[in-house]
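Report on one structure; see the data block that follows.
Because the structure is a prediction, the values reported are computed rather than measured.
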Amino acid sequence: MESGFSILMFIFAALLFLYAVIMAVTKNYGLLPFKATVSVKPKHPEQYTVQLAKAIMLCALAIAAGAAIALWNMLVGAIAIIVGMIFAIWIGTKIVKNE
């Protein structure tokens with residue numbers, strides 16, 4: 001199974017994107033893991049949840065792009081996922097800090 005890695009990463013990216021969409025639509029702060037809700041006390045939980053959902057969507061997009069590249073070349077795809085995740089986390093922290 002040559003494309004197993006890509007399929008697994010597409011599934012992971014789709015589930016991550018679905019989680020982010022549910023967070024953004026419902027604006028439910030309770031969807032975050034318990035440790036995150038205890039450690040982070042935002043002034044506006046609904047706005048924080050939407051901003052965090054945007055950051056999660058960026059990470060899902062980076063994983064999906066790397067998976068698409070991995071269909072062509074596995075090593076380049078893995079590198080693209082790593083570089084894309086670093087970039088997505090960097091941009092995501094800027095999005096979440098703008099609360």
So how far is it from Met9 CE to Leu16 CG, rounded to the nearest 0.5 Å? 10.5 Å
side-chain contact (heavy atoms from CB on, under 4.5 Å) partners for Leu18, two or more places apart: Ile22
Heavy atoms, side chains only, cut-off 4.5 Å: are Met23 and Tyr19 in contact? yes
Connected via hydrophobic side-chain network under 4.5 Å: Ile56 and Leu32: yes
Decide yes or no for Thr49 and Leu31: does some side-chain heavy atom of the first lie under 4.5 Å from some side-chain heavy atom of the second? no
Quick one: hydrophobic cluster around Val50, which other residues, with the 4.5 Å side-chain cut-off, linked directly or via members? none
By side-chain contact (heavy atoms from CB on, under 4.5 Å), Leu15 pairs with (sequence neighbours left out) Ile11
Could you go through residues 78-96 and list every donor-acceptor pair under 3.5 Å that involves a side-chain atom there, pairing it with any protein atom two or more places apart or in another chain?
from	atom 1	to	atom 2	distance (Å)
Thr93	OG1	Ile89	O	3.3
Thr93	OG1	Trp90	O	2.7

For Val21, the other hydrophobic cluster members (4.5 Å side-chain criterion, sorted by chain and number) are Phe17, Val25, Met57
Would you say Leu71 and Phe10 make side-chain contact, with heavy atoms under 4.5 Å? yes
Of all heavy-atom pairs linking Glu46 and Lys27, the shortest is CG-O, 3.7 Å
Test of understanding: clusters of I, L, V, M, F, W, Y form through side-chain heavy atoms closer than 4.5 Å, transitively. Do Ile69 and Phe5 belong to the same one? no
